[in-house]
Amino acid sequence: MTVFARREPLLVRPGARFDCVGDGLCCSDIHAVGALSDEDCEMLSLISDDAIDRHEGEDAAVLMMRSDTGRCVFWSEQGCAIHSRLGPEMKPTPCIQFPYALTATPAGGRISTQHRCTCRTLGPLPLVTAEDARSNLLDSNGELKPEHAVLDEVAWSGIESLSFADYAAREAALISALIEGKGLMTVLEAQPFPKLEGITWSAVVDELLEFRGPSRAGAAARWFGSAIGFLVDRREPTALDRPWADSFEQAGARVVDPVSPNRVFGDWLADDVWSMRWSRFGSLARARVELATRLAIARRIAGWLDISTPKQDNISAAEAVMIVDVIGTTDIWEKAQEAIPEP
Ligand code: SF4
């Protein structure tokens with residue numbers, strides 16, 4: 001019997017939390033806000049002549065960021081101008097959807113969240129509910145729009161495939177251990193920085209450090225590249241700036257009961273596993289190696305940031321997670337991900 005990927009019922013990862021409190025980091029050039037659909041571009045071109053940007057060599061249109069503030073042209077201290085003047089439903093689709101993403105599976109639509117905004121990673125936040133997330137996951141026709149689909153055969157490892165139901169039962173134990181945040185490398189059962197096929201870690205570092213330009217994404221790439229260079233080649237990092245420090249310190253004021261860095265890392269890892277985006281690259285065993293590598297990078301970055309108090313330690317872990325979440329979707333990292341061999 002053929003089992004199809006379904007969008008309904010909507011399924012929430014246990015323990016996922018989010019509330020947009022307007023920190024605005026997601027409206028900044030820490031990541032490109034896109035890809036914009038044709039409808040988004042049509043609507044934006046009615047509002048402004050300078051709303052859309054197209055990065056060299058890429059087809060996708062993204063929102064234009066201001067070079068002086070590093071934020072979207074519609075952002076101000078008062079928040080999003082489209083949201084306040086025209087209504088939240090008039091915002092471009094990626095803004096409506098952020099930080100949610102949907103993966104269609106044989107059991108229903110899995111709602112996952114990205115960890116590149118302080119409204120997802122810092123302070124006391126309410127649990128995500130399917131009801132709250134639903135309106136953010138609809139396309140312009142009012143249909144649930146999955147980014148990714150998984151069928152009824154999931155590669156647990158290079159030599160073992162499971163039905164989706166069997167996979168989900170095994171995965172539940174993994175996700176709850178990750179959320180608990182204890183012994184994360186042991187829970188992942190993987191070693192970071194395997195020997196890559198066809199490229200070297202040093203070449204990945206060079207490419208990341210060359211990721212130039214004034215944007216915050218460029219700064220994130222330099223932190224990420226410096227951490228790999230230090231962990232793999234013992235290369236000392238050059239001076240690293242934090243253009244998003246204001247956002248994190250401001251959001252950090254909400255933290256009244258700091259959680260340990262491992263809880264912040266585990267929450268991010270659990271979402272990454274739950275999203276199943278990793279299945280594009282191979283088995284879960286391979287994804288565990290990739291996640292172990294990014295975890296090692298996140299820990300190195302967090303250690304270079306301020307860890308003087310439990311609160312600063314919590315803020316630094318969230319900042320490190322933002323960096324590894326953003327860089328994890330870049331072409332440079334996807335190339336490295338493809339070069340990780342099946343364990
Ligand atoms: S359009 Fe509005 S919500 Fe989207 S990035 Fe710009 S300011 Fe943020």
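Note that these values count all heavy atoms, side chains included, but never hydrogens, waters or copies made by symmetry. Each ligand, and each atom within it, is numbered from 1 in the order the structure gives. Since this is a predicted model, take the numbers as computed values, not measurements.
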Is atom 2 (Fe) of ligand 1 less than 2.8 Å from an N/O/S atom of His83, whether that atom is in the backbone or a side chain?
-> no

Does a donor on one side chain and an acceptor on the other come within less than 3.5 Å for His31 and Thr329?
-> no

Looking only at heavy atoms, is any part of Arg71 under 4.0 Å from ligand 1, and if so is it the side chain, the backbone, or both, or is it neither?
-> neither

At under 4.0 Å between heavy atoms, what of Val73 touches ligand 1? The answer is neither

Ring centre gap for Tyr100 and Phe18 strictly below 6.0 Å | yes

Going by the order shown, which atoms of ligand 1 are within less than 4.0 Å of some heavy atom of Lys91?
-> 3 (S)

Atoms in ligand 1 flagged as close to Leu63, the criterion being non-hydrogen separation under 4.0 Å = 1 (S), 4 (Fe), 5 (S), 6 (Fe)

Provide, to 0.1 Å, the distance between atom 6 (Fe) of ligand 1 and the closest protein heavy atom, together with that atom's residue and name.
-> Cys72 SG, 2.3 Å

Atoms of ligand 1, numbered as shown, that sit under 4.0 Å from any heavy atom of Trp75 = 7 (S)

Partner of Arg120 under side-chain hydrogen bond (donor to acceptor under 3.5 Å, both in side chains), picked from Asp325, Asp271, Asp19, is Asp271

Looking at Phe230, is Arg234 sitting on its ring face, NZ or CZ under 6.0 Å from the six-membered ring centre and within 45 degrees of the normal?
-> yes

From the candidates Ser76, Cys80, Pro94, the one that places a heavy atom nearest atom 2 (Fe) of ligand 1 = Cys80

Assess the side chains of Asp313 and Ser316: does a donor N or O sit below 3.5 Å from an acceptor N or O?
-> no

Ser48 and Asp50: side chain donor to acceptor below 3.5 Å | no

If every non-hydrogen atom of Ala165 is compared with every non-hydrogen atom of Asp152, which pair is closest and at what distance?
-> N-OD1, 4.4 Å

Any N/O/S atom of Cys95 sitting less than 2.8 Å from atom 6 (Fe) of ligand 1, backbone or side chain?
-> no

Of all the atoms in Cys27, is at least one N, O or S atom closer to atom 8 (Fe) of ligand 1 than 2.8 Å?
-> yes

